[in-house]
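What you see is a predicted model; the values in this text were computed from it and never measured. Order of the sequence lines fixes the chain letters, A, B, ..., with proteins taken first and strands second; residue numbering starts at 1 for each chain.
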Amino acid sequence: MDKTYQPQQIEASWYQTWEKNGYFRPSGRGEPYCIMIPPPNVTGSLHMGHGFQQSIMDAMTRYQRMLGKNTLWQVGTDHAGIATQMVVERQLHAQNLSKSDLGRDRFVDKVWKWKEHSGNTITRQMRRLGVSVDWDRERFTMDEGLSRAVAEVFIRLYEEGLIYRGKRLVNWDPKLHTAISDLEVINEEENGSFWYFRYPLVDGARTTDGKTYVVIATTRPETMLGDTALAVNPEDERYRSLIGKQVELPLCNRQIPIIADDYVAPEFGTGCVKITPAHDYNDYEIGTRHGLAMINILTDEAAINDDAPAAYQGMDRFEARKQIVSDMEAAGLLEKIEAHRLKVPRGDRSGEVIEPYLTNQWYVAIEELAKPAIAAVENGDIEFVPKNWENTYFSWMRDIQDWCISRQLWWGHRIPAWYDENGTIYVGHDADEVRQKNALPADLPLRQDPDVLDTWFSSALWTFSTLGWPDDTEELKTFHPTDVLVTGFDIIFFWVARMIMMTLKFTGQIPFRKVYITGLIRDSEGQKMSKSKGNILDPIDLIDGIDIDSLLAKQTDSMMQPQLAEKIDKATRKHFPEGIVAHGTDALRYTFYSLASTGRDINFDMGRIEGFRNFCNKIWNAARYVLMNTEDKGCSKPDSPEYYSQADRWIHSRFQTTLQAVHEGMASYRLDLVSQAIYEFFWNEYCDWYLELSKPVLWDEEASANQKNATRYMLLNILEQSLRLAHPFLPFITEEIWQKVAPLLGIKGESIMLQAYPDNDESVINPTVDAEIDWVKGVIEAVRNIRGEMNISPAKAVPVLLCKGDEQDQAFLSNNRQFLIKLAKLESIDWLDNPEQAPMSSTQLFNKMEVLVPMADLIDISAEKERLGKEIDKLQAEIKRLKGKIGNKKFADNAPAEVVDKEKAKLQNAENSLVQLQEQLEKIQQV
RNA sequence: AGGCGCGUAGCUCAGUUGGUUAGAGCGCUACCUUGACAUGGUAGAGGUCACCAGUUCGAAUCUGGUCGUGCCUACCA
């Protein structure tokens, strides 16, 4: 084995071996366990969020697989309608082409080609992470089987009246030319204006204060071209007399009525609102209530259309806005302009300002589907982890709006609906079926709906469509409902909620039992990672490393503004002055686990990943030590347990304690606790103490062959079990080492990933042995403390005396003499029966026992005084605190007896220690 | 406007039904190349647990409030 851990060398080949040998496939034996991967965008690339969630899913999957479950981790990708179509359109644009130049079929062809070309990027990157998904079952949301499921669901919902087509206001993206759902609209506060316009009253009407006009305030002046009324609150005295009167709509040569509606808030703006039913959701409601005309004034591009006054036709909406304000001003109808913060709706993909727009769209009537989905979480069939996300889920589900599922795109599942010349709708799998079902003549022209479905419509079916639904497959019977969904809170509404609704509706089952919601990975300063901020960390760069120049190039890649690029350049150089060194997959994964606490957001800190790379190195070198001492030496299971040292028994005990902690952590989805338990066990117990404790046995002339063999066996045995313990989290390094270690124990197996998880054996958990090794550690640490504080060279062997302890201390000494001598580097260690005879010494207490290092020529008296003084100060503070507490009558009366006793014992100990240290100090001062 | 989080060492974070001397990693200080490992070892320094009040014998932990901060949902033109 190499002297240092080189991840790139060991990670390269193992994945191929695992995949090639089909180890990821369900074993077909045992209780089923299934996780459905949230399908990433097929043309995307792996980001930190994927890395985080997939690492978690892989740990769960490998863990369950090793526990003997029949494990399926279903993999696949999503066609991501809008995102993918945009990418291909951009490519066309670069060649001065548009999608209409190609036509629908050729364009869709092109998208498929792009998918074939780039679709491997993310799956290749996933392999680098070590994910044990079943690639043989890889699915794509637009493959044949899933498309069939999509059509089937659409048709059944339509036939039940749960899908309908309707003309109403939708969120229209004028750049992408499609409707989008409410969830795809992001409302952010931006600086805008309030324009106050005068609308002249006609027929000589006057306001109560004698004006010949009313004033309205608007944030979108251009919409006035579609105004069909003004509205006031019926209780508003200022306007009551004007209700029913007409005003002249400026610039439009039309008259519109003043109506009364409770919706209008008298105190806001001027208390008089212009009503544009075709371009505002609230106005639409009012328009419907009052039977107002709905005048659409926009084109698909959000330019002014031909139904508006000629002067503005063809203008872009923002151009028209300027022109209208200017025209109103010229006409003396602009009263004032106020600065105003307002929420501007923008498309999450395009960033474009969204327009409410009157179109025909398809909707899912969602309320009926939502009811059982709410109940499933209420009654605990589905549980969110952490639980508080259930509130988020409920609050959205209990006020859910119908889901607009049609998109005016070309890339996606085409809506399975056909129209005849009269516009009658026929829904079915294909035109032939439609004709047959509806007894339509063969020559009746039918036209398929041009729209496609929202991407989330197909993802909503993911848990069952991937298993073969609508066929009643074995997989469906075996693996559905699935066990756990691991995902982010950002798609609870988009995906989780819709999956629950659709799955309940079509399978009668819940899709999954648990929803484990992870936090979001942010940069080290808590900023969301985004291209525009130039703070994206690529998991692959953390694995392989990247030099500073390449990193800078990546971060500023798509940066349009030079000054922004400069800023990013600076920030990147600050955080990564020398780029990023290679850390390996295992270290990255372990970092993710260590940060996976309670679903809160994660600020990714490079210090963490370095620490875990070092941990891997530690494992590597511990293994080297073990192999060096066991290879060619024989290490069979001892004939009798008596050959074990106390250290051997201790590490066995600690291992089982750790194993329990791991099981508990996995059961409660606390992978941070799991990773910590393994880390602490391996580094702080196995390496720091056990390996050191093995040396006196292995290298001691006096130890018998049987004892040496027993220790060699335990070294190997615990290492081998630890590798299995850690394998779900550190798949590569554990496999690499296990292949070398297992044969020495006579274990046969092709791969660690097919081995069983370590057996639970609580019988070896041994508090007595734990206490004894704690004693050994305590004495060694006492001596080391004296060495450190007294500046005694580590090379210098010192004599040590123990005194004032009890019989157990004496017994421990005689059991562990060779451990103490070796680990504390002692010249000698002896029990002093008569403390009076103690030579001048530096003293450290361990419980009631004194550990003495005789001063002779090697101790600096003033340093020792200082050291004792420090200890005494600490004890005095402690005693004061304890006395106060115990002296408090209320404490003695109210606290449970065991707590009081514990505090009393603490005080007793502290007081004893104080006396001993003070005696010691006096002794020294006499010199 | 409602809702949900968060505020613990210089930094990133644990702290499980209230009872520890409040912990880890990184960073920092000193010493050490000792036959697994300097991606290491040993010994240390470092915290008024945001603030205020309350409940309690006892609060980082429970309650109320204040401040700061992040997010989600719904929005009055």
Return the polar atom pairs (N/O with N/O) between nucleotides 42-44 of chain B and the protein under 3.5 Å, or none.
| residue | atom | partner | partner atom | Å |
| --- | --- | --- | --- | --- |
| B:rA43 | O3' | A:N785 | ND2 | 3.3 |
| B:rG44 | OP1 | A:N785 | ND2 | 2.2 |

Could you give the distance separating [M] and [N] at their [atom1] atoms, to the nearest angstrom?
| N | M | atom1 | answer |
| --- | --- | --- | --- |
| B:rG15 | B:rA59 | C1' | 14 Å |
| B:rU61 | B:rA22 | C1' | 11 Å |
| B:rG25 | B:rA45 | P | 15 Å |
| B:rG46 | B:rU21 | C1' | 15 Å |
| B:rA60 | B:rA14 | C1' | 12 Å |
| B:rU34 | B:rG40 | C1' | 12 Å |
| B:rA9 | B:rG44 | C1' | 15 Å |

What are the two closest non-hydrogen atoms of A:K695 and A:Y625, and how far apart are they?
CG-OH, 3.2 Å

Are A:R398 and A:F394 in a cation-pi contact, defined as NZ or CZ under 6.0 Å from the six-membered ring centre and within 45° of the axis?
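Positive - A:R398 is close enough to the ring of A:F394 and near enough to its axis.
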
Check the distance between [N]'s [atom2] and [X]'s [atom1] and give it to me in whole angstrom.
| X | N | atom1 | atom2 | answer |
| --- | --- | --- | --- | --- |
| A:N603 | B:rC71 | CG | C1' | 13 Å |
| A:Y393 | B:rC71 | OH | C1' | 21 Å |
| A:L673 | B:rA14 | CG | P | 10 Å |
| A:F493 | B:rC72 | CZ | P | 10 Å |

Summary of protein contacts for nucleotides 20-29 of chain B, nucleotide by nucleotide, where a base hit scores B, a sugar-phosphate-only hit scores S (4.0 Å, heavy atoms):
SS--BBS---

Pairing annotation in dot-bracket form, given for RNA chain B with Watson-Crick or G-U pairs under 3.5 Å and | for cross-strand partners
(((((((..((((.....[...)))).(((((.......))))).....(((((..]....))))))))))))....

Quick one: list whatever passes side-chain contact (heavy atoms from CB on, under 4.5 Å) with [X], sequence neighbours left out.
| X | answer |
| --- | --- |
| A:P266 | A:N233, A:D236, A:R238 |
| A:R346 | A:E190, A:V344, A:V353 |
| A:H290 | A:I259, A:D261, A:I286, A:L292 |

So which protein N/O to nucleotides 46-48 of chain B N/O distances come out below 3.5 Å?
none

Taking N or O atoms only and anything under 3.5 Å, show me the protein contacts with nucleotides 5-8 of chain B, one pair per line.
| residue | atom | partner | partner atom | Å |
| --- | --- | --- | --- | --- |
| B:rC6 | O3' | A:R600 | NH1 | 2.9 |

Knowing that exactly one of A:D283, A:D227, A:D280 qualifies, which makes a side-chain hydrogen bond (donor to acceptor under 3.5 Å, both in side chains) with A:K274?
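So the option named by the test is A:D227.
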
Determine yes or no for a side-chain-to-main-chain donor-acceptor pair under 3.5 angstrom, with A:N894 supplying the side chain and A:K890 the backbone.
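Yes, the answer is positive, given that a donor and an acceptor are paired below the 3.5 Å cut-off.
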
Quick one: does A:H279's side chain have a donor or acceptor within less than 3.5 Å of a partner on A:I297's backbone?
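Yes; judged by distance alone, with no hydrogens or angles, the pair exists.
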
Can you tell which of B:rU39, B:rC57, B:rG15 lies closest to the side chain of A:R670?
B:rG15

Please list, chain by chain and in numerical order, all residues satisfying ring-ring contact (aromatic ring centres under 6.0 Å, His included) with [X], sequence neighbours excluded.
| X | result |
| --- | --- |
| A:F612 | A:Y590, A:Y679 |
| A:F819 | none |
| A:Y199 | none |
| A:F732 | A:W18 |

Is A:R220 salt-bridged to A:E222, going by a charged N under 4.0 Å from an acidic O?
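Salt bridge between A:R220 and A:E222, a charged N being under 4.0 Å from a carboxylate O: no.
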
